[in-house]
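Scope of the values below: all heavy atoms of this structure, side chains included, with no hydrogens, waters or symmetry mates. Please read all numbers here as calculations on a predicted model, not as lab measurements.
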Amino acid sequence: MDMDDKTPRDQGVVPLPPPPVSKCPPRLLVIGAGSRGRAYGRAVISSSNGVLSAVAEPDDYKRNKFGTTMIWGSTLLPPEGASFRDWREFVAYETERRARAEAGKKDVPLGIDAAFVCVLDEMHREVVVALSKLGGIHIMCEKPMATTLDHCLDMYKALQDNVDATGQQTVFSIGHVLRYSPHNKLLRKLLLKDRVIGDILSVVHTEPVGWWHFTHSYVRGNWRCERTSAPSLLTKSCHDIDVLLWLLCSPPDCSSQGCPPPHLPSTVSSTGSLQYFKKSRKPLAAGAATNCLSCPIEQSCKYSAKRIYVGPELVGVGTGNRGWPLSIVIPDIESYGTGQDAEAAMLANLAEDYDDNSTNAEVAQRNWFGRCVYESDNDVCDEQIVTISWDEDPRPSSPLSSHDGSSGSTALTAPLADNLRGRGSKLATFHMVAQTKEVCERHTRLYGVDGEIFADSKTITVHNFNTGQSITHNTQVESLGHGGGDAGLTRQFVMAVDMVKNHGWSTDRAQRELIGCTLDEVIRSHAMVFCAEKARKERKVVDWAEWWSKEVESKLDSE
C-alpha cells in the first residue's frame with residue numbers, strides 16, 4: 001500500500017478527459033473492494049471509457065458501498081450479475097450465465113469483458129487461474145503478481161491459455177502503476193528516445209517508505225510476515241524493480257515489424273535485514289507493554305498508534321481523514337461521521353490486545369494496529385539494497401538498424417555513435433528504506449556518458465555535460481494515485497479492452513501499443529525480485545542467466 005492511495009487533497013491536480021465512449025463500452029468487474037479495488041473503480045469512472053458492471057467482495061459493507069457509489073446507485077437494488085460475495089460465486093454464476101446464453105434462453109444479462117483482481121496477494125494465483133479457465137476475460141491483476149515464483153509461473157501458463165472467441169490470447173495487465181505516471185513516461189522518453197544523457201551508465205533509485213507508513217503496513221499490517229505474505233521487496237517494491245528493468249532492459253518501442261530483444265542483466269546481489277522494528281530495540285521504559293494504549297511511554301513514542309490513527313498530527317481521525325490508512329483499520333470508519341464517535345471507535349479498535357492465553361496462531365491470524373512496533377511478529381526487511389549489473393551485449397546487426405532499441409533515434413547517426421547502441425555495461429542500485437520523512441516519494445539519479453538526471457517524483461532535472469546547461473521538466477499530474485499512475489494504468493487497460501472489443505484490434509496489438517508491457521516482462525521483473533532475495537539470503541552474487549535458466553525456463557519447458 002502506498003501513501004498515494006489516500007484521499008487526494010492537493011489542488012494542483014488536473015484530471016484528463018476520458019477517451020470517447022464506444023457504442024458497447026467494456027463491462028468491468030472488480031474483485032476485491034478494498035483500497036486498491038476502490039482506487040481502480042474511481043479511475044474507471046473518472047479516466048476510462050469503460051463501465052463498472054459488477055463487484056465481488058466478501059465484506060458486506062465494502063461490497064454494498066462500492067456498488068451503491070459506483071454501480072447501481074443508492075436507491076436501487078443490485079441487478080442480476082452485479083453483486084457477488086466472492087470470486088467463486090462470480091465464476092459459478094458466469095458459468096451458468098454462459099450456459100443459458102448458449103442454450104438461447106431469453107433475457108440473459110450481458111457478461112463482463114474484463115476484471116480487476118484486487119484481492120489479497122496470496123489469493124492472486126487462484127483467482128487469475130480460475131478466470132483464465134473461464135476463458136475470454138481480459139485481466140488486470142494488482143501487484144505483486146503472486147507471492148511465490150512458482151505461483152507466478154502457474155499464472156503465466158494459465159494466462160497464455162486464456163483466449164477469446166477468435167482464439168487470441170486475452171489482454172493482461174499488472175498493477176505496476178509506476179510505468180503509467182506522466183513523470184515516469186517522460187523520464188523514459190528523455191532517456192531512451194531523446195537520449196538526453198547518452199548511454200546510461202548507472203542508476204541509483206530510492207524508495208523512502210516513511211517512518212510511520214512502514215509500521216502501518218509492514219509491522220502491524222497485512223505485509224508484516226514473509227510466511228503469511230511475502231518479502232517486503234516484493235510486496236512494497238516489485239514495481240520499483242520493474243521500473244528499473246523498464247528503463248534499462250526493455251526496448252523503447254515494439255513496432256508492428258517486431259520488438260528488439262531486451263538487454264538482459266548479468267548479475268544480481270542484495271543486502272538487507274530487519275534492522276529496527278524488533279524487540280531488542282524496544283525502549284526499556286516501555287517494560288512488558290504489548291499495546292500502545294497501555295504503554296507507560298505512549299505519549300513520548302513516535303510510533304504510538306494513538307498518534308498515528310487518532311491524533312491531528314499525521315493521518316488520524318483528528319485530521320478529518322476517513323480514507324487510507326484508517327479504512328484499513330476500520331473498513332466502515334466513514335460511517336462514524338466526523339465527531340467523537342469516529343475517535344471512540346478507533347480507540348476501541350486500537351485497544352484490542354492479546355494476552356498470555358492467546359496462541360501464536362490466534363495472534364498471527366489478524367492485524368493488531370494498536371500493537372507495540374517492537375513486540376510484533378514482523379520479519380520482513382525494513383531496509384534493503386539491490387544491485388543489478390549488465391555486461392556489454394551489442395546486437396550482431398548493423399549499427400544503424402532501425403530496430404536498434406532507440407526507435408530510430410537520430411543519435412545513432414551522430415558522429416559519436418558507437419556499435420553498442422545503448423547496450424553497453426551499466427549498473428543499477430535500488431534502496432528501499434523505512435526510516436524516512438518522505439512517504440513513498442521516490443527519487444532517482446541517473447548517470448550517462450553525456451550528462452546526468454535527478455528525478456524526484458515531481459520534476460526531472462537534466463544536466464548536459466557538453467553544453468553545461470541544466471533543464472528542469474515538470475509533468476502535469478491528473479491524480480494523486482501514484483502520481484497519476486493509477487489513472488494511467490486504468491485508462492490504458494480499459495482502452496486496450498475497448499479496442500479489441502469494438503474497433504477490430506488484435507489483442508497482441510493492444511497489449512503492445514496500449515498496455516506497453518508484455519507477459520514476459522511481468523515474469524522477468526517478478527523473477528528479478530525472487531533472484532535478489534536468493535542473493536540476499538545466501539549472501540552471494542547471482543548469475544542472472546544461470547538462475548533464470550534453472551528457476552524459470554526449465555520449469556516452463558517441463559510443461
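Residue Ser53 comes nearest to Arg27 through the heavy atom pair OG-CB, 3.3 Å, listed as atom of the first residue, atom of the second, then distance. Heavy atoms only, all atoms of each residue included: Cys152 and Ile523 are closest at O-CD1, 3.6 Å. Of all the heavy atoms in Arg38 and Ser327, the pair that sits closest is NH2-OG, 3.4 Å. Scanning all heavy atoms of the two residues, the minimum distance from Gly175 to Lys143 falls at O-CG, 3.3 Å. Nearest heavy atoms, Gly81 versus Ala54: O-CB, 3.4 Å. Here the closest non-hydrogen pair linking Pro26 and Asp113 is CA-OD2, 3.4 Å.
Between the side chain of Ser237 and the backbone N or O of Leu234, no donor-acceptor pair lies under 3.5 Å. For the pair Lys501 (side chain) and Pro25 (backbone), a donor-acceptor distance under 3.5 Å is present. Although no hydrogens or angles enter the test, the distance criterion places a donor-acceptor pair under 3.5 Å between the side chain of Thr507 and the main chain of Gln169. The main-chain N or O of His473 is never found under 3.5 Å from a side-chain atom of Thr459 such that the two would form a donor-acceptor pair. Using modelled atom types, one side-chain atom of Asn502 and one backbone atom of Cys24 make a donor-acceptor pair closer than 3.5 Å. No donor-acceptor pair closer than 3.5 Å links the side chain of Arg36 to the backbone N or O of Glu142. Not a single donor-acceptor pair under 3.5 Å links the side chain of Asp332 to the backbone N or O of Ser335.
Between the side chains of Asp520 and Thr518, not a single donor N or O lies within less than 3.5 Å of an accepting N or O. No hydrogens or angles considered: a donor-acceptor pair under 3.5 Å links the side chains of Trp223 and Asp121. Looking at Thr472 and Thr461, their side chains do bring a donor and an acceptor atom within 3.5 Å of each other. Remark: the Lys426 side chain and the His263 side chain contain an N/O donor-acceptor pair separated by less than 3.5 Å. Side-chain atoms of Gln384 and Glu533 form a donor-acceptor pair, as typed in the model, at a separation below 3.5 Å.
The ring of Trp324 has its center closer than 6.0 angstrom to the ring center of His213. Ring pair Tyr40/Phe493: centre-to-centre distance not below 6.0 Å.
Put simply, the side chain of Leu245 reaches to within 4.5 Å of the side chain of Pro265, judged on heavy atoms. For the pair Glu438/Ser457, no side-chain contact is recorded, criterion being any heavy-atom separation below 4.5 Å from C-beta on. Contact of the Thr170 side chain with the Ile139 side chain is not registered, since no non-hydrogen atoms from C-beta on lie closer than 4.5 Å. Between Cys517 and Val522, the closest side-chain pair of non-hydrogen atoms falls below 4.5 Å. Side-chain contact between Leu187 and Leu446 is present, with heavy atoms from C-beta onward closer than 4.5 Å. Taking the side chain as every heavy atom from C-beta outward, Arg509 and Met499 never approach each other to under 4.5 Å. Looking only at side-chain heavy atoms (C-beta outward), Phe116 and Thr490 come within less than 4.5 Å of each other. Side-chain contact between Asp194 and Lys189 is present, with at least one heavy-atom pair separated by less than 4.5 Å.
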Derivation and outcome, side chain to side chain contact (heavy atoms under 4.5 Å, CB included), residues Leu489 and Met140: CA-CA 9 Å; Leu489 182 151; Met140 199 302 293; 3.7 Å; yes
Audit row: His176, His526, ring pair (Phe, Tyr, Trp, His ring centres under 6.0 Å) steps and yes/no: CA-CA 11 Å; His176 285 159; His526 280 77; 5.3 Å; yes
Evaluation steps, salt bridge (charged side-chain N to carboxylate O under 4.0 Å, His left out), between Arg125 and Asp150: CA-CA 10 Å; Arg125 172 185 172 274; Asp150 284 344; over 6 Å; no
Working for side chain to side chain contact (heavy atoms under 4.5 Å, CB included), residues Leu247 and Val203: CA-CA 10 Å; Leu247 296 177; Val203 177; 5.6 Å; no
Side chain to side chain contact (heavy atoms under 4.5 Å, CB included) between Leu134 and Arg98, worked out: CA-CA 10 Å; Leu134 270 178; Arg98 292 183 181 187; 4.1 Å; yes
Audit row: Met145, His124, side chain to side chain contact (heavy atoms under 4.5 Å, CB included) steps and yes/no: CA-CA 7 Å; Met145 190 176 190; His124 287 178; 5.8 Å; no
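One finds a salt bridge joining Arg97 and Glu94 here, because a Lys/Arg side-chain nitrogen approaches an Asp/Glu carboxylate oxygen to under 4.0 Å. Comment: Arg42 does not engage Asp486 in a salt bridge, judged by the lack of any side-chain N to carboxylate O separation of less than 4.0 angstrom. A salt bridge links Arg85 with Asp60: at least one charged nitrogen is closer than 4.0 Å to a carboxylate oxygen. Of the charged side-chain nitrogens involved, at least one lies within less than 4.0 Å of a carboxylate oxygen, so that Arg100 and Glu80 count as a salt-bridged pair.
Scanning for side chain to side chain donor-acceptor pair (under 3.5 Å) contacts around Gln492 gives an empty result, with sequence neighbours left out. Residues passing the salt bridge (charged side-chain N to carboxylate O under 4.0 Å, His left out) test with Glu126, sequence neighbours excluded: Arg88. With sequence neighbours left out, Arg445 forms a salt bridge (charged side-chain N to carboxylate O under 4.0 Å, His left out) with no residue at all. Applying the side chain to side chain donor-acceptor pair (under 3.5 Å) test to Asp86 and every residue at least two apart in sequence or in another chain returns nothing. Looking at residues two or more places apart in sequence or on another chain, you find no side chain to side chain donor-acceptor pair (under 3.5 Å) involving Asn474.
Atom-to-atom distance recorded for Ser173:OG and Tyr180:OH is 4.0 Å, nearest 0.5 angstrom. Rounded to the nearest 0.5 angstrom, Phe172 CZ and Tyr156 OH are separated by 11.5 Å. Residue Leu131 holds its CG atom at 8.0 Å from CG of Asn162, rounded to the nearest 0.5 Å. Taking SG of Cys249 as the reference point, atom CE of Met528 lies at 7.5 Å (rounded to 0.5 Å). Summarising the geometry, atom CG belonging to Leu186 is positioned 7.5 Å from atom NE2 belonging to His183; distances are rounded to the nearest 0.5 Å. Here the CD1-OG1 distance, from Ile460 to Thr444, works out to 9.0 Å after rounding to the nearest 0.5 Å.
Residue pairs satisfying the ring-ring contact (aromatic ring centres under 6.0 Å, His included) criterion with at least one member in residues 42-85, sequence neighbours excluded, are listed as follows: Phe84-Phe90, Phe84-Tyr93.
Screening Lys236, His443, His239, His431 for a side chain to side chain donor-acceptor pair (under 3.5 Å) involving Glu207 leaves a single residue, Lys236.
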